[in-house]
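Since the structure comes first, as structure tokens, the remarks are kept for the end.
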Protein chains: 2
Amino acid sequence: MSEVTLKKLADLLNLSISTVSRALKDHEDISAETKNRVKELALILDYEPNTYAVNLRNNFSREFAVIIPSIANDFYQSFISSLEKEARLNSYSLIILQSGDDPQTELECVKRCKQNRVAGIFVSITQKTTDISHFLKLAESHIPVVFFDKVPASGFCNKVCVDDISAARLSAETLILKKKKGILAIFGNEQLSITQKRLDAFKDTFSLHNYDARPDIYHTNSSAGAYHYTMEQLALPQQPDVIFCMSDEILIGVMRAVQTVGLRPPADIGILAISEGQIPTFYFPQITYVETSGFKLAKLAFSRMLGCLAGSTQVQELKTESIIVEGGSL
Amino acid sequence: MSEVTLKKLADLLNLSISTVSRALKDHEDISAETKNRVKELALILDYEPNTYAVNLRNNFSREFAVIIPSIANDFYQSFISSLEKEARLNSYSLIILQSGDDPQTELECVKRCKQNRVAGIFVSITQKTTDISHFLKLAESHIPVVFFDKVPASGFCNKVCVDDISAARLSAETLILKKKKGILAIFGNEQLSITQKRLDAFKDTFSLHNYDARPDIYHTNSSAGAYHYTMEQLALPQQPDVIFCMSDEILIGVMRAVQTVGLRPPADIGILAISEGQIPTFYFPQITYVETSGFKLAKLAFSRMLGCLAGSTQVQELKTESIIVEGGSL
DNA sequence: GTGAAAGCGCTAACAA
DNA sequence: TTGTTAGCGCTTTCAC
């Protein structure tokens, strides 16, 4: 059974191809009767326009690409889930590409996007991406790029981010409000700008409030690191009163240690995290956290993309607001 | 700056379009010198073939679609992560479509796939999908379909699944081997075939071994349900010795209850789950589980898809093997 | 070795 | 109101 094309419909109906095309598009100068005949047959034969031909002709597609280090991450998962829905409701499709956190692979992904003539690209760059010229060059091909989450430090480009500064500030203020004193704060990889932003805002907030206790700061790159360090600290005669976790990854390590030692929040120890929101629900009591939602960020990124496609040329830097979600761990 | 096309290269080099096309493809009857000239200029001008034109001409694309209820799920996440990688290494792209577990939306996704002339579709159907004729009809358009995980009960089609029966059997055998007696087994929605398969195999294994203890079976549809039921059971004078969780969702609820009451595995209570593998690492000690890996399933599904594209017409039902991963909870 | 030309399925300007 | 035609960028057959 061969493909149903406009030509086939036209032959069957003794009409020209263009009439059939226009009838299917409800073009005004086709008679109602012809429209009905055409549409009826199209329905019966299950006609679907050939996207390649349409795109080739119109020189434009309805596909967005998302380039991320890895989809196996709660944050990106919620981001993509939300983005796909927005896209689908706007008749766009979403192509997923994983860079594996490798700049070389990322470059190949960009090339692929260009080949596919995608309508736009959402990208969260790798930890090692410094040169973003291949992204900026996409402007020549009129492919808008919206950077999200992990965005380049410099460059005139569209960026949508979680507001790290307000998230960290909100965390610190929460601790101050609850008059917590022995604060252990565990942060991620010191090299990353996300860590620096959150750390600076966190520390500054204590200074600004002239608070009489200052947090102990520790850095680690992994869940395991957080686990081991927490184990050490919990073995000391002077245990911390509260542990602040900069990310879900760190929270997981800390909670394993807390469970290992048998401490029970909030009585034995307080826990506060910055989190995407899923992990905190796995524990009892659920962890109190400052939310950095992928869902919200996706909506922001998508509307920015539509803005670009609508012709907005100036670049924007947007941020999502943070809110605190009360569990029972503090 | 306009697009770089074959025509543009040809004009610039004073060659014909077809010569340029052939040169770029290393066609044998183009001279080495011409090839070099062409390739050099193509590189300089950053030429990329127009995928739409290529696909239109060849009537075939290098895009696969994945239709799933929702990407926000650890199992699908690992499946897609793995599938994307396989696809990329084979120069395919992956389009993600979420059905929202709604048959109507699923139907629209299929339509979209057809329009996009995708090279093949991977699909995990919704809980309510009964009519799969729209999938079977894709055969007419020569679009192979590989069902995975949630597959239709009937119909001649390609299916790759986690082996629920062997996973449940392995779980039961593990409990028997460890001579566990007071077994509480919590299963999911009784209506789902996955639940029935796992339940039947689980129970049968105890019978087959003439084991002198039989598990208490309970069904629930949610984490919260598992939590509440576990709380009830742990309040009884005769607490269970071990709790078996059919899925990650149930495990999360059970563990919240276990933590609430303050029991510590494995001394106070044993825990065994069937799991995708991430959740069990969040606890201490880590939960012992029978693995049902999305990664493995993706590899299986992908190779089946390649088989279809290579012309294999007969349908196959494939299953991944289960293995037990020892934590310290049993 | 290279070029000319047809055609993939569709849209839209122009004709009738 | 409907039809004719050119052309989007590419591949490939056939001719030179």
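Letters A, B, ... are given to chains in the order of the sequence lines, protein chains preceding strands, and every chain is numbered from 1.
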**Study point:** Between C1' of D:dC10 and CG of B:Asp11, the distance in whole Å
**Key:** 15 Å
Practice item. Take atom CD of A:Gln316 as the centre, draw a 6.0 Å sphere, and report whether it contains more than 12 heavy atoms from other residues, nucleotides or ligands. Key: yes
Review point. How many Å lie between CZ on B:Arg117 and P on C:dC8, as a whole number?
Key: 14 Å
Study note, to complete from the structure: Residue pair B:Thr19/A:Leu56 against DNA chain C: nearer the 5' end by closest nucleotide is B:Thr19
Exercise for review: Could you check how far CG of B:Leu6 sits from P of C:dG3, rounded to whole Å?
Suggested key: 13 Å
Practice item. Measure from CG on B:Leu9 to C1' on D:dC10 and round the result to the nearest Å. Key: 13 Å
Practice item. Send over the distance from A:Asn58 CG to C:dC10 C1', rounded to a whole Å. Key: 8 Å
Revision key, fill the gap. Sorted by position of nearest nucleotide on DNA chain C, 5' first, the leading residue of A:Asn50 and B:Asn14 is B:Asn14
**Study point:** C:dG9 phosphate, OP1 or OP2, under 4.0 Å from A:Tyr47 side-chain N/O
**Key:** no
Check your understanding: Would you say the ring centroid of A:Phe147 lies under 6.0 angstrom from that of A:Phe135?
Key -> yes
Exercise for review: Could you check whether the rings of B:Phe79 and B:Phe148 sit parallel, tilted or perpendicular, using 30° and 60° as the cut-offs?
Suggested key: parallel
Check your understanding: What is the distance, rounded to the nearest whole Å, between atom CD of A:Glu33 and atom P of D:dT2?
Key -> 8 Å
**Study point:** Protein-nucleotide distance (A:Lys7, atom NZ; D:dT5, atom P), rounded to Å
**Key:** 14 Å
Point to revise | Min side-chain heavy-atom separation A:Ile125-A:Val151 under 4.5 Å | key: no
Exercise for review: Please work out if B:Asn55 contacts a base, only the sugar-phosphate, or nothing of the nucleic acid, heavy-atom cut-off 4.0 Å.
Suggested key: nothing
Review point. Where along residues 20-30 of chain A does a heavy atom fall under 4.0 Å from DNA chain C?
Key: A:Ser21, A:Arg22, A:Lys25
Exercise for review: Step by step, work out the side chain to side chain donor-acceptor pair (under 3.5 Å) result for A:Gln98 and B:Ser81.
Suggested key: CA-CA 8 Å; A:Gln98 297 176 109; B:Ser81 174; 3.3 Å; yes
Review point. Nearest to the side chain of A:Ala53, which nucleotide is it out of D:dG9, D:dT2, C:dG9?
Key: C:dG9
Point to revise | Verdict with reasoning, B:Asp26 to B:Lys35, per salt bridge (Lys or Arg N to Asp or Glu O under 4.0 Å) | key: CA-CA 7 Å; B:Asp26 262 331; B:Lys35 279 185 191 171; 3.7 Å; yes
Exercise for review: For B:Ile17, report the nucleic acid contact type (base, sugar-phosphate, nothing); a contact means any heavy atom under 4.0 Å.
Suggested key: base
Review point. Taking only side-chain nitrogens and oxygens of B:Thr5, does any of them come within less than 4.0 Å of OP1 or OP2 of D:dC8?
Key: no
Exercise for review: Would you state whether a donor and an acceptor, one from the side chain of A:Ser18 and one from the base of D:dT4, lie under 3.5 Å apart?
Suggested key: yes
Review point. How about A:Glu106 and A:Thr129: does a side-chain donor come under 3.5 Å of a side-chain acceptor?
Key: yes
Review point. Counting any heavy atom closer than 4.0 Å, what does B:Phe60 reach on the DNA or RNA strands: base, sugar-phosphate only, or nothing?
Key: nothing
Review point. Atom CG of A:Leu15 to atom C1' of D:dG3: distance rounded to whole Å?
Key: 10 Å
